[in-house]
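Below you'll find the structure, written out as C-alpha cells, and then a few comments.
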Amino acid sequence: MASVTLRRLSKVFDGGVQALHHLDLDVRDGELLVLLGPSGSGKTTVLRCIAGLEEPTTGEVVIGERVVTHDSPAERDVAMVFQSQALYPYLTVRENIAFPLEMRGLAHAQATRRVLETATRLGLQSVLDRLPSQLSEGERQRAALGRAIVRGPQVFLLDEPLARLDAPLRIELRAEVLALHRAIAATMIYVTHDQAEAMTMGQRIAVLHEGRLRQVGTPEEVYQRPADVHVARFFGTPGMNVLQGRGRAGDKGRVIEAGSLVIPVELSTYEGELQLGIRPEYVGLCAVDQGVGNVDVLVVEPLGSETLVHLNAGGQPLVARLPGFADVRVGTRVGVKVDRRRLYLFDAAGAPVA
Amino acid sequence: MSPRGWAASATAAAALAAALTLAVTHWIERRYERAFAFRIARTTAAYVAAVTPPPPPPPPVRRRGRIPRPQAPITPVPQSPASRTYHLPSLLTQARGLRTLPGWTTEVEVYYGTAPLVDATAPPLSPDDLLQLDSAGGRWREGSALVPLKDRDGREIVGAVAARPLRVPTGPLPGGLGFAFPAAVLAVVGAAVIAFRGRSLRSGGYVGAALLLAAASYLDLRAVARSSTDRWLTDTRRLLQEAATRLPPPRSRVSVSDLAALVQDAELVAGEPAESAPWRARVDGAPRAIVAVLIGSGRWVDLRTVPAEITTLRWLLLLLASALVGPLGILLLRWAERTPARKRRETAIAWGFLAPAGLHLLVFTLGPAALAIYLALPLANFRTIVHDPLTWLSMRSTGLYALYVPVSVVIALGAALLVHRYRVGWGGRLLRSALLLPYVTSVVAIALVWQLIDQAGTLGLGRSGWLSSPATALPALMLLALYAQLGGQTLVFLAGLERIPRVYVDAARVDGASAWRRFWRITLPLLRPLTWFVVLTGLLSAFQVFTIAFVLTQGGPRVLVQRAYQLAWGGGGGSGGSQAFGMASAFAILLCLALVVFSWPRLKLLGRYAQHA
C-alpha cells in the first residue's frame, strides 16, 4: 500500500481548456478519500492523471515514495474502475478478471487461484463463465471491481463506479465497497458527484470546483465548516440557501438585508456586499410580521418525514425544510424565522467572513 | 369478428386459393393441349401435302367448259400453277382417311380453300381466317388449332388443317377428374376443419394443405404434358406408316429422309422393332420420348422428340404461388382478427410507405430472379453447366482472384490503424485522402488508365502487356482490385476504430497491457465482427467481379460472371439464342447458390455478434 501525493498539479487540454489549477492533495496510506465535485469540475481528470492516462501539464504525481508523473499506467501499480465498467464484451467474467494478471505474466495456476478468490469475495462464482452482456448491472459492477482488486495494487481509483446503478443497488454496493476497503485496507480514491455518497463513504472528502481544490476534510468538517460558498452550496439535500445581501447599521442595530429579510447580526468588521448562507433545516415559518421578514410560498413538496417549502424572499429563492407534513398553502404569505447561530456569512467572492 | 365468422372467412380464403390453383392448372394444361394441337395439325398438314398427288394434266382446253373447282366454294381458291396444287379427289380421300386411322386420337379437319373436306356439313372458314393464317402461321380458332395447308411447293396457302384435342381423362378417380380437383376439395375441407375446430397444427396445416394441392395440380399438369407428347407420337406414328405406303410413286422404297420432312421438329432414325406404345429414354444424356414406327416390311425407325413434361417443372413455381395464396390469406385474416384496429392501421400505413421500395424490389430484383429460375429450367441446363469444363476453369480463375481479399483486408486494417493514430495531424488526413481517392473513382476509369499504363509499358516493370499475358493478367487484375477496394475497406475499419469506446483501451493500459497486446487482445476482438463483414463483402464482390475483368482483359482470365455473360450473349464458347439464356440463367443460379451456402454461416455469426454488441 502507498500514499498518493499531488503537488501543484495542473492540466491544460489541447483546446486550451484548463481543467486543473495547481492542485495539492495528500492521500494517506490505506485511506478512502472521496473526490467530490459537480460534473466538469475536473475530478475525473485528477484520477486519470494519477492513473497515468493523462499527463499533467505541470506538477508532480507521487505514489508511495516514487515520483511517477511521467510513468506509463503499467508502471504505476494502480487499478481503476470505470463508470462504464469497461468489461471486455467478448471475454467471460473469468477472463475479464484474469486479464490484468495475464498482462503481468502471472503463472496460470496462480492466476486461476487468485481469480477464484476474488470471485468468491465478490459473490461471482456462479457467473464466472458468462459474458458481460449476460450479467445483471450489479454483477457487472462487481466484476469490474474484481478486475481491479485481483492484482492487489497499491492504489485503487474508482471513477463514479456506482453512478449508473439504481438507488437500492447503489446503496447495497456502496456498503460492499466500504467492506472491501476495510478488508484489504488499500488506498482508495473514489470519485463521485453525489454528495450523499461522499458523506457516507469518505473518511475524508476533497471538494473540487472548477478545477480547484476547495476543501479537504472529514464529512462533518465540510458540512459544518464549509471552506467557501461553493462547498456550502454543494452539501445537503437540498443545498444551503445562499442569499445576496448587504450589511447595514440601522436604528435597530446592525442588520443584514437580504431580499425581504432583515436579520440582526452582530457584525463589527464588515459592511457592503455579503452572501448569507443558511441551511434549509434552520429556516422556520411563522405568522406574517412575526419573523425576520415576510415571504411568498411558491411550491410545497411533502416528502413524508419532512416537507420542503420553496419561498420567494423578495426576489431571492429560499428553501425551508419542515418536519412531517407542514400546513402551508401555496400562494400565501408567511413570516420567516431563522436560527441566528447557524448563519454562514461569505464575502462577495465566496470566502467566509469571520 | 366472431370465431365462427373468422373460420368462415378462412374457409373462403382457402376455397378461393383452391379455385385459383385449379384455374391456373387448367390454363397451363390448355397451353400444353394447344401446343399439341398445333403440332399435330402441322404434322397432318405436312402429311397431306406429301401424300396428295398433283392434279392430272388438264384436259384439252375447251372454250366454255367448266373450270375444275371444288363444289360450292365460297371464295375462290387461291390460284396456283397446276403442278403445285393438289388433285382434289385425292385430297378428299386422304383427309377422310385420317378419321379412319386406327388409334387416331385427334379430331382433324382439312379445308380446301374455306371448305371443309372431312365433315362436309361443318361450317366453312371465313376468308379472314385464311388471310390471317398467312401472317401468323397458325392460330387458335373455336377450340381448334388452325394451321395453313400450303401448295406442294410450300409457297401459297391453299387451305388449312384444324386439329381439336380431345380431353384425356387423368387421375385415380372415375370420370378423369385428375388429382387436382379431389386435392382441392380435400384442402378446403381440411382448412375448414382446422379453422372451425381450432386445431393446434394451424398454420402448418394450412401450408400442408396448400402444398398438397400444388403437388396434386403438378401431377395432373405433368400427366397432361406427358400424354400430349405420347399422343403426338402415336398419331404421328400412324401418319408415318400411312405415308410410307401412300407416298406417290415413283418411290417404291420410301426413304427415312422423305419421312423426316413430315416431322421437322423431331428426329427420325433407324431403329429396332418394338411395341407400338411410346417410351422414354436418354439419348446422349438428353431425355427423349420415342416410338417405334414400321415403315416397310422389316424396316423400323425410331421417332424421337423432346418430351413436353420436362418443361413442366418451371410451372411448379406458379402453382406453389397460387396455392400458397390460401395460407397467406388465412394468416393475414388471423393477424387482422388478433390485431387492434390502431395497429392494423399503422401497419397498413407502414406498408404504404414500403410499397414503392417493395415494388422496385419486386420488379427489378425478385422478378428477374424468378425469370432466371424459369429460364434455367429444365434441369438439363444445370447438368450441362456442371459438366462444362469452362465452368470450372472460370471458377478456378475467380477463386484465385478472390485471394486478393484477405491481403487487402490486412492492408486496410493497417492503414486504418495508421490513419486513426494520426487522425488529428495533416499526415493522417493526407493518407486518408490518398486511400479514398481510388475508392470514389469509377472502376472503369481506373481500369482504362491502368490499361494505358500497361500499353505504354511504363508500369516500371520493364515491359508492357501484363494485362494480356495469361501468366500475369490475373495477378495484375488482383493488384488493381486491391488498389480500387482498399479505400472503402479502410473507411469501414476507421469507422469501427472510432466506435471502440476509449474506456476499453484505458482499462487495458491501466491493467498493464502493452500497445501490441492492446491491439491483439482489445482492438482486434472488438473489430472482429467488422472484419468478417469486410472479408465477406469483399469475397462476395470478388466472386461477382465483372467490370474490371471485362474492361481489362478480353480473353484473359475468364471469371464466373464473365462466363455467364458469354453464355447469354455468345462469343467464346457461348452459343447465343434463347437456349443460351437458359444456360446463363442456370449458371447464375448455381453461382448464387454457391455464394449463399458459402456466406450463410458467417452471416449468421455476424447477426449473433450484432445482438451482443
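All chains are named by letter (A, B, ...) in the order of the sequence lines, taking the proteins before the strands, and each is independently numbered beginning at 1. From a predicted model like this one, the values you see are computed outputs, not experimental measurements.
- Rounding to the nearest 0.5 Å places NE2 of B:His420 at 8.0 Å from OG1 of B:Thr523.
- When atom types are taken as modelled, the side chain of B:Thr537 and the backbone of B:Val534 share a donor-acceptor pair closer than 3.5 angstrom.
- Only the side chain of A:Leu91 comes within less than 4.5 Å of a heavy atom in chain B; its backbone stays farther off.
- With a threshold of 4.5 angstrom between heavy atoms, B:Arg518 does not approach chain A through any atom at all.
- The CZ atom of A:Arg76 lies 12.0 Å from the CD atom of A:Gln154; values are rounded to the nearest 0.5 Å.
- Heavy atoms closer than 4.5 Å to chain B are found in both the backbone and the side chain of A:Tyr88.
- Neither the backbone nor the side chain of A:Glu95 has a heavy atom closer than 4.5 Å to any heavy atom of chain B.
- At a 4.5 Å heavy-atom cutoff, the contact between B:Arg517 and chain A is made by side-chain atoms alone.
- Between A:Ile149 and A:Leu122, the closest side-chain pair of non-hydrogen atoms falls below 4.5 Å.
- Contacts between A:Glu102 and chain B at a heavy-atom distance below 4.5 Å involve backbone atoms as well as side-chain atoms.
- A donor and an acceptor atom, one from each side chain of B:Ser408 and B:Gln485, are nowhere located under 3.5 Å apart.
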